[in-house]
There are 2 protein chains.
Amino acid sequence: MDKSICPRFEKAMTILSQRWTGMIIYQLLSGPQRFCTIESSIGVSGRVLSERLKDLEIEGIVKRKVYPDTPVRIEYSLTDKGIALEPLMRDIEKWSQSWLEV
Amino acid sequence: MDKSICPRFEKAMTILSQRWTGMIIYQLLSGPQRFCTIESSIGVSGRVLSERLKDLEIEGIVKRKVYPDTPVRIEYSLTDKGIALEPLMRDIEKWSQSWLEV
DNA sequence: TTAGTTAGTTACTTTATGTAAGTAATTATA
DNA sequence: TATAATTACTTACATAAAGTAACTAACTAA
């Protein structure tokens with residue numbers, strides 16, 4: 001191993017290439033959403049979604065807000081750090097439109 | 001499941017969020033490279049690198065060229081479709097510089 | 001003849017993810 | 001009063017993906 005890749009870039013890749021992470025962030029670009037909404041809109045299992053949201057919260061990309069309604073309502077949304085990923089998501093959209101078949 | 005996400009976007013995400021795929025593409029942005037160079041520069045195992053390069057070739061993102069030197073030399077490089085991912089990689093670079101600690 | 005090279009492959013282990021059922025706290029319904 | 005329903009998870013178990021290390025083919029060099 002003779003790496004010369006920027007450790008920040010590597011860390012970004014490690015976060016973003018986790019399965020479902022990109023889809024979760026993309027989904028949250030359209031506004032705050034609840035657990036079950038994210039789950040059904042992208043098709044991730046609850047087990048993994050729960051794990052990813054925790055990781056993304058630790059990374060400061062996603063924030064979790066509890067509303068003490070009944071039953072309890074919890075909303076996940078992007079922080080500024082998360083919103084800063086929007087250009088990247090738009091580039092993925094553009095690339096997919098230009099280069100992928102349906 | 002009530003997905004409303006563009007299938008092209010989903011496919012792009014599926015490709016790009018495979019572990020090591022992003023790093024391989026990023027590495028190839030600096031020019032054609034051999035198997036062992038990619039392997040040691042990003043730290044991926046030969047087993048997975050071999051698998052990923054095959055997948056990326058099938059997707060038309062990477063091309064493989066054989067030079068019958070001795071020992072044989074094989075160079076991997078990006079196709080136009082692969083080069084089109086550069087803006088996206090630069091976005092990740094920028095985001096990582098702005099938002100991640102070392 | 002033995003060792004070295006590149007570009008892989010194979011067998012085996014460890015880790016990650018999927019699946020489906022279960023839980024806690026609370027309200028609604030029969 | 002008991003049963004069902006809701007949300008946001010967690011748990012246990014099965015399957016899939018990735019890591020590790022040894023091995024292979026084809027050839028050259030010492």
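Naming convention: chains lettered A, B, ... in sequence-line order (proteins, then strands); numbering from 1 in each chain.
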message: Using a 4.0 Å heavy-atom cut-off, does A/Tyr67 contact any base of the nucleic acid, only the sugar-phosphate backbone, or nothing at all?
response: nothing
- line: What residues 23-35 of chain B contributes to the DNA chain C interface at heavy-atom separation below 4.0 Å is B/Arg34, B/Phe35
B/Gln33 side chain to B/Gly31 backbone, donor-acceptor under 3.5 Å: yes
message: If you take any heavy atom closer than 4.0 Å to DNA chain C, which residues from residues 50-62 of chain A end up in contact?
response: A/Glu51, A/Arg52
field: A/Ser50 side chain to A/Gly46 backbone, donor-acceptor under 3.5 Å
entry: no
message: If I take atom CG in residue A/Leu49 and atom C1' in nucleotide D/dT7, what distance separates them, rounded to the nearest angstrom?
response: 13 Å
Under 3.5 Å: donor-acceptor pair, side chain of B/Lys63, backbone of B/Leu78: yes
message: Any carboxylate oxygen within less than 4.0 angstrom of a Lys/Arg side-chain nitrogen, looking at A/Lys54 and A/Glu57?
response: no
field: Footprint string (nucleotides 18-30 of chain C, 5' to 3'): B base within contact, S backbone only, - free, heavy atoms under 4.0 Å
entry: BB------SS---
- request: Indicate yes or no for a side-chain donor-acceptor contact from A/Trp95 to the backbone of B/Lys81 under 3.5 Å, with no hydrogens or angles considered.
  value: yes
- request: Write down the distance between CZ (A/Arg64) and P (D/dA8), rounded to a whole number of angstrom.
  value: 9 Å
- request: Tell which nucleotide pairs with D/dT7, taking only Watson-Crick or G-U wobble pairs whose two distances are both under 3.5 angstrom.
  value: C/dA24
query: Is any side-chain N of the basic residue among B/Arg8 and B/Glu10 closer than 4.0 Å to the acidic one's carboxylate O?
result: no
- prompt: Can you tell if the side chain of B/Asp55 reaches within under 4.5 Å of the side chain of B/Val62, non-hydrogen atoms only?
  reply: no
field: Candidate pair B/Glu59 and B/Lys11, rule salt bridge (Lys or Arg N to Asp or Glu O under 4.0 Å), full reasoning
entry: CA-CA 11 Å; B/Glu59 288 298 337; B/Lys11 190 179 178 193; 3.4 Å; yes
- request: Figure out the CD/P separation between B/Glu39 and D/dT20, and round it to whole Å.
  value: 12 Å
- request: Starting from P on D/dA18, measure out to CD on A/Gln18 and report it in whole angstrom.
  value: 11 Å
- request: Measure the distance from NZ on B/Lys65 to C1' on C/dA7 and round it to the nearest whole Å.
  value: 18 Å
Between C/dG8 (P) and B/Arg73 (CZ): distance, integer Å: 14 Å
query: Is there side-chain contact between B/Trp99 and A/Asp80, with heavy atoms separated by less than 4.5 Å?
result: yes
message: Tell me whether A/Thr79 contacts the main-chain N or O of A/Gly60 through its side chain, where contact means a donor paired with an acceptor under 3.5 Å.
response: yes
- prompt: Would you say C/dG8 has OP1 or OP2 under 4.0 Å from some side-chain N or O of B/Tyr76?
  reply: yes
query: Say you draw a straight line from SG of B/Cys36 to CZ of B/Arg73; how long is it, rounded to the nearest 0.5 Å?
result: 11.0 Å
